[in-house]
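Just below is one structure, and these are the notes that go with it.
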Amino acid sequence: MADSSLEGRVALVTGANTGIGKVTALELARRGARVIVGVRSPDKMEPVLAESRAAIGRDAIEVLPVDLADFASIQAFAANVLTQAPALHLLINNAGLGGTKALVDMTDEEWSRVLDITLTGTMRMTRAMLRVMQGRKAGVIVNNASVLGWRAQPDQCHYAAAKAGVMALTRC
């Protein structure tokens with residue numbers, strides 16, 4: 001049963017099929033928010049939806065497809081979200097792509113894919129939803145980063161660079 005502290009609020013979470021994004025989406029739904037999740041593979045959300053139904057007793061999470069590495073996909077997703085929920089209250093940019101590979105062995109495509117999803121996808125989603133929030137003069141955006149944005153870890157320079165960029169983007 002929802003505790004209703006977020007009743008009537010609309011929250012958008014990216015990357016909600018596992019980990020922090022999943023827990024965040026479930027908790028927002030439990031607290032009464034209408035939760036929309038943007039994921040690249042909607043079919044992977046079924047276990048989360050089942051968990052939500054079991055815990056809350058209702059369908060509290062809507063799933064919409066989006067590829068954060070594709071500008072046109074983000075534009076279509078944003079238009080879809082805003083058609084369904086013009087009063088967006090909360091955006092949680094959680095989606096990110098990691099990987100482990102030495103820089104000396106990394107291809108430009110591997111580097112770009114991680115930055116496209118983790119940093120550029122966060123920027124594009126923020127920009128799309130910020131326009132709406134600014135127009136309403138209301139809303140909250142949370143960008144999920146990582147300690148790797150501050151400290152090095154072997155073979156994760158692309159992920160660390162992307163998360164450091166998310167931190168800088170958030171400060172700006």
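Numbering of residues begins at 1 and proceeds along the displayed sequence.
Not a single salt bridge (charged side-chain N to carboxylate O under 4.0 Å, His left out) links R40 to another residue, sequence neighbours left out. Remark: A87 engages H89, R136 in a side chain to side chain contact (heavy atoms under 4.5 Å, CB included) (not counting sequence neighbours). Remark: T170 engages N143 in a side-chain hydrogen bond (donor to acceptor under 3.5 Å, both in side chains) (not counting sequence neighbours). Under the side-chain hydrogen bond (donor to acceptor under 3.5 Å, both in side chains) criterion, T100 pairs with Q156, sequence neighbours left out. Residues meeting the side chain to side chain contact (heavy atoms under 4.5 Å, CB included) test with V142, sequence neighbours left out: L90, I92, V140.
Pairs passing the salt bridge (charged side-chain N to carboxylate O under 4.0 Å, His left out) check and including a residue from residues 106-118, sequence neighbours excluded, read K101-E110. Residue pairs meeting the salt bridge (charged side-chain N to carboxylate O under 4.0 Å, His left out) criterion with at least one member in residues 41-51, sequence neighbours excluded, are K22-E51, E46-R53. Within the structure, every pair that satisfies the side chain to side chain donor-acceptor pair (under 3.5 Å) test and touches residues 65-82, not counting sequence neighbours, is listed here: N80-Q84.
Taking Ile, Leu, Val, Met, Phe, Trp and Tyr as hydrophobic and joining them when side-chain heavy atoms fall under 4.5 Å apart, one finds I20 isolated, its cluster having no other members.
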Identify all side-chain donor-acceptor contacts of residues 120-134 below 3.5 Å with residues at least two apart in sequence or on another chain.
unit_1: T122; atom_1: OG1; unit_2: T118; atom_2: O; d: 2.8
unit_1: T126; atom_1: OG1; unit_2: N93; atom_2: ND2; d: 2.8
unit_1: T126; atom_1: OG1; unit_2: T122; atom_2: O; d: 2.8

For residues 144-155, which side-chain donor-acceptor pairs fall under 3.5 Å, sequence neighbours excluded?
unit_1: N144; atom_1: ND2; unit_2: N94; atom_2: OD1; d: 2.5
unit_1: S146; atom_1: OG; unit_2: L148; atom_2: N; d: 3.1

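The CZ atom of F77 sits 8.0 Å away from the OG1 atom of T14 when rounded to the nearest 0.5 Å.
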